[in-house]
Amino acid sequence: MSQSPSSRDIQSALPSDAPSDAGQANAAALGRFEALLREAAASGRLVQLLLVAYQGGVADIEAQGQGLQRVMARPVLLRGQPHLSLVLRFPAKDITRNLALDEAWPTLGAWLREGAFRNAHLFTPTQEVQLAFSKKGKATVRVGKAPGSEAAAAPEAADQASDPAPSHAHNRDKHRLLDLSRPFLRELGVTDARGQLVPAMSRKWKQINKFIEVFAAALARSPLAQPPRDQEPIHVVDFGSGKGYLTFAIHDWLRHTLHREAQVTGVELREDLVRLCRGVIDKLHLDGMDYEQGDVRDYHPARLNVMIALHACDIATDHAIHLGLRAGADIILCSPCCHKEVRPQLLNPHPLRPILQHGIHQAQEAEMLTDGLRALLLDAAGYDTQVFEFISLEHTNKNKMILAVKRTQPRANDEVVAQIRDIKAFYGLQHQCLEELLKADGLLPA
């Protein structure tokens with residue numbers, strides 16, 4: 001793979017009969033990207049800036065060592081003043097530099113204008129903006145939908161949005177919030193002893209990264225990202241956490257990448273998996289992480305900001321959501337599995353009975369209805385809720401996610417409650433677990 005040009009190569013690569021036009025076009029692209037970056041920071045919508053494919057030529061970077069992999073920048077408050085925290089990732093170490101904005105903007109601007117990096121990705125809760133230099137030195141700016149945002153439900157869109165150009169898809173630098181060099185990936189068998197991805201784990205690696213993308217976007221628009229709570233520790237509980245791929249990933253991203261104080265607990269019924277994951281925690285000396293044996297129906301966390309329940313079977317998902325609501329979780333992430341409670345109730349007489357006599361239609365309708373009601377109940381309980389495809393069906397058939405982010409301002413829920421009542425009446429539903437749990441707690445009108 002040929003290396004992309006630096007800014008000096010860019011100018012020499014331009015046609016001699018039109019250097020001015022090309023230079024002006026590049027300057028316009030750089031100016032637009034820098035303006036969008038500053039605007040995102042000023043409006044509080046900057047989630048992360050990612051600089052990748054380092055081309056060399058920056059003395060203060062090279063003084064830190066060889067093999068810079070990427071630079072990650074995020075907004076932080078230090079002594080009450082806005083800063084950018086820059087993490088320079090090298091193969092064997094990370095270097096953090098916290099810069100006041102009046103110092104950060106000239107530094108980043110110089111790196112971009114000098115062509116020190118081939119790609120720059122700006123992430124807000126709803127957008128991904130990419131600055132990319134082609135092999136001929138042409139700078140382009142592309143604006144797409146952020147991974148995990150409401151309009152970006154399909155993961156393929158997120159992958160395509162990070163391509164420098166369609167014609168060079170095989171050379172693209174995918175945006176990854178996690179790095180394959182992280183030790184927990186080796187311990188869980190995702191990578192080998194050399195830090196290389198195990199081919200059989202490629203689908204799991206894609207799922208892990210997609211999950212972190214979704215969570216990062218949700219966190220950025222949640223109360224946990226707003227002052228003064230952006231300085232508080234985040235308490236995460238992952239129910240049915242299994243071998244812990246996503247549990248370890250969210251702990252690593254929060255503490256190592258975001259540099260946020262966090263306590264992450266995996267809750268799993270199977271004793272052998274609890275022992276395995278505790279062994280990894282002890283071996284890697286991971287602070288702020290624990291694994292416990294338990295079930296969502298009888299587990300009572302001391303504190304809970306983020307509730308995760310992936311592939312909880314049937315009404316176990318309802319109990320998990322209910323626990324999150326009772327605890328006042330700021331973020332609820334569910335990937336439902338099985339929809340047994342509603343399905344037999346669909347046999348009651350109603351206009352769709354002739355269609356639902358076919359088993360496959362009945363199963364699909366039960367899934368849509370169950371998760372649709374869950375989303376409406378979360379809406380009624382004070383959350384902005386999305387239901388979307390978590391990851392492509394080619395990677396897993398359990399691919400639906402319910403994401404709920406607590407609103408900062410309450411609003412009336414009368415209309416949503418009426419919608420739930422009308423839907424139940426149309427289908428002849430007598431029981432829905434989550435609704436009954438919320439009514440018993442007085443969280444919904446009886």
Side-chain angles (χ1 to χ4, degrees), residues 48 50-54 64-74 85-97 173-216 219 233-238 240-268 270-293 306 308 310 333 391 395:
Q48 186 182 52
L50 183 67
L51 306 178
V52 296
Y54 177 60
Q64 305 297 332
Q66 299 297 314
L68 178 68
Q69 295 173 339
R70 64 185 63 192
V71 175
M72 296 165 287
R74 67 180 182 92
S85 179
L86 276 62
V87 178
L88 284 70
R89 175 158 294 174
F90 293 86
K93 64 180 179 179
D94 286 352
I95 297 174
T96 301
R97 296 170 58 181
D173 290 292
K174 287 183 179 292
H175 169 62
R176 299 296 192 200
L177 294 181
L178 292 173
D179 194 278
L180 278 172
S181 65
R182 301 306 301 148
F184 80 91
L185 293 169
R186 180 183 66 249
E187 297 301 323
L188 296 180
V190 178
T191 59
D192 59 24
R194 297 175 299 167
Q196 301 297 312
L197 179 64
V198 175
M201 298 299 291
S202 60
R203 292 183 177 181
K204 178 61 67 176
W205 174 233
K206 183 179 180 71
Q207 182 190 44
I208 291 170
N209 277 279
K210 182 62 182 176
F211 175 78
I212 296 299
E213 288 176 5
V214 170
F215 175 72
L219 179 62
I234 299 176
H235 295 262
V236 181
V237 179
D238 182 6
S241 46
K243 194 176 178 180
Y245 296 109
L246 304 184
T247 323
F248 282 91
I250 201 168
H251 172 270
D252 189 87
W253 182 77
L254 282 170
R255 293 182 68 104
H256 179 79
T257 301
L258 201 61
H259 299 282
R260 185 82 180 257
E261 188 70 21
Q263 175 66 45
V264 179
T265 302
V267 180
E268 170 58 42
R270 290 165 288 184
E271 185 179 354
D272 58 331
L273 293 179
V274 174
R275 286 199 306 269
L276 184 151
C277 292
R278 283 178 177 171
V280 174
I281 293 170
D282 292 341
K283 181 176 181 179
L284 299 179
H285 306 289
L286 298 179
D287 293 328
M289 187 167 183
D290 195 12
Y291 236 78
E292 300 182 12
Q293 189 172 11
V306 179
I308 302 169
L310 304 187
L333 280 155
I391 197 163
H395 298 285

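Just so we're clear, the structure is a prediction, and the values are computed from it rather than from any experiment. Note: hydrogens, waters and symmetry copies are ignored here, and every other heavy atom, side chains too, is used.
Partners of Gln263 according to the side-chain hydrogen bond (donor to acceptor under 3.5 Å, both in side chains) rule, which considers only residues two or more places apart in sequence or in another chain, do not exist here.
Proximity of a side-chain donor or acceptor of Arg74 to a complementary backbone N or O of Leu258 within less than 3.5 Å is detected. Not a single donor-acceptor pair under 3.5 Å links the side chain of His259 to the backbone N or O of Leu254. Of the possible donor and acceptor atoms, none in the side chain of Arg270 sits under 3.5 Å from a partner among the backbone N and O of Gly242.
Annotation: side chain of Asp238 is not in contact with side chain of Ile250 (no heavy-atom distance under 4.5 Å). In this structure, Glu261 and Arg255 have side chains that are in contact, with non-hydrogen atoms separated by less than 4.5 Å. Side chains of Met72 and Leu86 form no contact here, defined as non-hydrogen atoms less than 4.5 Å apart. For the pair Leu219/Ile234, a side-chain contact is recorded, criterion being any heavy-atom separation below 4.5 Å from C-beta on. Looking at His235 and Val264, their side chains never come closer than 4.5 Å, going by heavy atoms from C-beta outward. In this structure, Ile208 and Leu246 have side chains that are in contact, with non-hydrogen atoms separated by less than 4.5 Å. At a threshold of 4.5 Å between non-hydrogen side-chain atoms, the residues Asn209 and Leu178 count as touching. Thr96 places a side-chain heavy atom less than 4.5 Å from the side chain of Ser85.
Across every non-hydrogen atom of Leu185 and Leu180, the tightest pair is CD1-CA, 3.8 Å. When all heavy atoms are compared, the tightest approach of Asp287 to His251 is O-NE2, 2.7 Å. Contact record, Leu188 with Phe248: CD1-CD1, 3.8 Å, taken as the closest heavy-atom pair. Contact record, Gln293 with Arg278: N-NH2, 4.3 Å, taken as the closest heavy-atom pair. Considering all non-hydrogen atoms of both residues, Leu197 and Met201 come closest at CD1-O, 4.1 Å.
A distance of 5.5 Å separates CZ in Phe211 from CG in Leu310, rounded to the nearest 0.5 Å. Atom-to-atom distance recorded for Arg275:CZ and Glu268:CD is 12.0 Å, nearest 0.5 angstrom. Between the CZ atom in Phe184 and the NZ atom in Lys283 there is a gap of 14.5 Å [rounded to 0.5 Å]. Once rounded to the nearest 0.5 Å, the distance linking SG of Cys277 with CG of Leu286 reads 11.0 Å. For the atom pair Met289 CE and Leu284 CG, the distance stands at 9.5 Å (nearest 0.5 Å).
Side-chain N/O atoms of Tyr291 and Thr265 include no donor and acceptor closer than 3.5 Å. No side-chain donor-acceptor contact under 3.5 Å links Lys210 and Gln207.
The side-chain contact (heavy atoms from CB on, under 4.5 Å) test with Arg70 singles out one residue from Leu50, Val87, Leu51, and that residue is Leu50.
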Show your reasoning for whether side chain to side chain contact (heavy atoms under 4.5 Å, CB included) applies to Trp205 and Thr191. CA-CA 9 Å; Trp205 174 233; Thr191 59; over 6 Å; no

Begin with the C-alpha distance, continue with both residues' side-chain angles, and end with the deciding distance and a verdict on side chain to side chain contact (heavy atoms under 4.5 Å, CB included) for Leu68 and Arg89. CA-CA 6 Å; Leu68 178 68; Arg89 175 158 294 174; 5.5 Å; no

What verdict does the side chain to side chain contact (heavy atoms under 4.5 Å, CB included) test give for Val236 and Ile308, after you've listed the backbone C-alpha separation in whole Å, the side-chain angles of each residue and the deciding distance to 0.1 Å? CA-CA 8 Å; Val236 181; Ile308 302 169; 3.7 Å; yes

With side chain to side chain contact (heavy atoms under 4.5 Å, CB included) as the criterion, how do Val274 and Glu292 come out once you've worked through the C-alpha distance, each side chain's angles and the decisive distance to 0.1 Å? CA-CA 6 Å; Val274 174; Glu292 300 182 12; over 6 Å; no

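Taking the six-membered ring for Trp and thresholds of 30 and 60 degrees, Trp253 and Phe215 have ring planes more than 60 degrees apart, a perpendicular arrangement.
Between Arg194 and Asp192, at least one side-chain N (NZ, or NE/NH1/NH2) sits under 4.0 Å from a carboxylate O, which counts as a salt bridge.
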